[in-house]
Amino acid sequence: MKKAMLTTAISLVFSITLTMASKPIANIQFYDNYNYLEQVTYVENNGVLDGRVMPFLMDENTPIDQKAAVINAFTVNNKIKNNAMTMKQFLARKYGENFQTLNLEKLTADELFCYGYLTLMDEGGDPDKALPVLEMAVTKNPSSQTIATIHALVAAQEALDNNDQCGAWLTYEKVQNNANLTNDMDDGISSAINERMKDYEGACN
């Protein structure tokens, strides 16, 4: 009996490890440099998007990298898996629309970015639903390094899902080499992401 339980436990751990490894982009953590923000520590400890955090994400004066850090904290704690839906409800109220039929074209680049990135978190790193939203964010603000970088990561995950590690690296590298982007991202984010993405650079050799 004990042997069977041990085998089951090992199999479960192995399964979880494979699941996390298959979607590595969503698990890249860079929020640590922003632990001075109350909203970051709140998400880290509670794993819920609510009225204590939403005003921070929806405030147009909040720097985009800080918004990214708050959402990134869901990599360690995402209790309810419907945070993107919560934000969509807040946005629908702002624009006076039904959240189920909310016209995403009305949203600002920052709002699209937050909604798209939250979707990625809720979907466990699956890019299918998040990527179209983040593409809209890039279109509305093509100069933001933060938006472009997160978009590139999600596009890179799509390449990884198609067993194209070189494509994943090239997608990310293109953004890193884009001198036209505005540097609105903390160096700590760049370092954390670069360290992880370097794993795929060798696939192009």
Side-chain angles (χ1 to χ4, degrees), residues 25-78 83-84 86-95 104-122 125 130-157 171-172 174-197:
I25 301 305
N27 294 318
I28 295 178
Q29 295 175 6
F30 55 75
Y31 70 89
D32 286 354
N33 283 6
Y34 295 81
N35 278 333
Y36 62 88
L37 293 174
E38 175 188 348
Q39 293 80 6
V40 168
T41 56
Y42 181 79
V43 168
E44 182 182 24
N45 293 328
N46 297 281
V48 176
L49 182 64
D50 56 22
R52 289 188 59 177
V53 181
M54 276 305 310
F56 185 81
L57 294 181
M58 294 183 66
D59 188 342
E60 62 181 19
N61 294 314
T62 301
I64 190 66
D65 64 325
Q66 293 185 9
K67 294 178 181 181
V70 170
I71 297 171
N72 186 254
F74 283 111
T75 55
V76 295
N77 195 352
N78 194 350
N83 291 303
T86 297
M87 180 163 196
K88 191 176 182 181
Q89 290 172 337
F90 273 84
L91 290 168
R93 284 198 288 269
K94 173 184 174 180
Y95 289 98
L104 298 183
E105 292 289 348
K106 291 186 176 182
L107 306 186
T108 67
D110 279 23
E111 289 167 348
L112 286 166
F113 169 77
C114 290
Y115 178 55
Y117 197 15
L118 283 167
T119 299
L120 182 75
M121 294 293 106
D122 288 349
L131 192 55
V133 181
L134 290 170
E135 286 173 349
M136 293 174 67
V138 170
T139 299
K140 288 206 171 186
N141 185 358
S143 63
S144 169
Q145 183 181 7
T146 300
I147 293 177
T149 298
I150 299 302
H151 170 262
L153 290 180
V154 181
Q157 181 63 65
T171 298
Y172 174 73
K174 182 178 179 180
V175 170
Q176 299 311 298
N177 293 336
N178 188 347
N180 295 320
L181 295 176
T182 300
N183 185 9
D184 56 9
M185 188 168 66
D186 184 273
D187 289 341
I189 295 181
S190 299
S191 297
I193 295 175
N194 282 334
E195 182 178 353
R196 188 65 174 271
M197 290 304 297

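- A donor-acceptor pair under 3.5 Å is formed between the side chain of Asp50 and the backbone N or O of Arg52.
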Given Met58 and Met87, is the side-chain contact (heavy atoms from CB on, under 4.5 Å) satisfied, shown in steps?
CA-CA 9 Å; Met58 294 183 66; Met87 180 163 196; 4.3 Å; yes
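- Side-chain N or O atoms of Asp59 include none that pairs as donor or acceptor with a backbone N or O of Pro55 at under 3.5 Å.
- At least one side-chain heavy atom of Ile189 sits less than 4.5 Å from a side-chain heavy atom of Ile193.
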Give the intermediate values and the outcome of side-chain contact (heavy atoms from CB on, under 4.5 Å) for residues Gln145 and Ser190.
CA-CA 10 Å; Gln145 183 181 7; Ser190 299; 4.2 Å; yes
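- Heavy-atom contacts from other residues, nucleotides or ligands closer than 6.0 Å to NZ of Lys174 number 12 or fewer.
- For the residue pair Tyr31 / Glu44, a side-chain donor-acceptor distance below 3.5 Å is found, with atom types taken as modelled.
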Are Ser143 and Asn180 close enough, and set up right, to give a side-chain contact (heavy atoms from CB on, under 4.5 Å), and what steps lead you there?
CA-CA 7 Å; Ser143 63; Asn180 295 320; over 6 Å; no
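- Remark: Gln29 CD is packed, more than 12 non-hydrogen atoms of other residues, nucleotides or ligands lying under 6.0 Å away.
- Between Asp184 and Thr146, the side chains place a donor N or O and an acceptor N or O closer than 3.5 Å (distance only, hydrogens not considered).
- In terms of modelled atom types and a separation under 3.5 Å, the side chain of Lys140 and the main chain of Glu135 share no donor-acceptor contact.
- Looking only at distances, no side-chain donor or acceptor of Gln66 sits under 3.5 Å from a matching main-chain atom of Pro63.
- Every residue meeting the salt bridge (charged side-chain N to carboxylate O under 4.0 Å, His left out) condition with Lys106, not counting sequence neighbours, appears here in chain and number order: Glu97.
- Counting only distance, with no hydrogens or angles, the side chain of Thr75 and the backbone of Asn27 share no donor-acceptor pair below 3.5 Å.
- Although no hydrogens or angles enter the test, the distance criterion places no donor-acceptor pair under 3.5 Å between the side chain of Ser144 and the main chain of Asn141.
- A donor-acceptor pair under 3.5 Å is formed between the side chain of Asn72 and the backbone N or O of Ile28.
- At least one donor-acceptor pair closer than 3.5 Å links the side chain of Gln157 to the backbone N or O of Ile25.
- Every residue meeting the salt bridge (charged side-chain N to carboxylate O under 4.0 Å, His left out) condition with Lys67, not counting sequence neighbours, appears here in chain and number order: Asp110.
- Considering all non-hydrogen atoms of both residues, Tyr115 and Val133 come closest at CD2-CG1, 3.7 Å.
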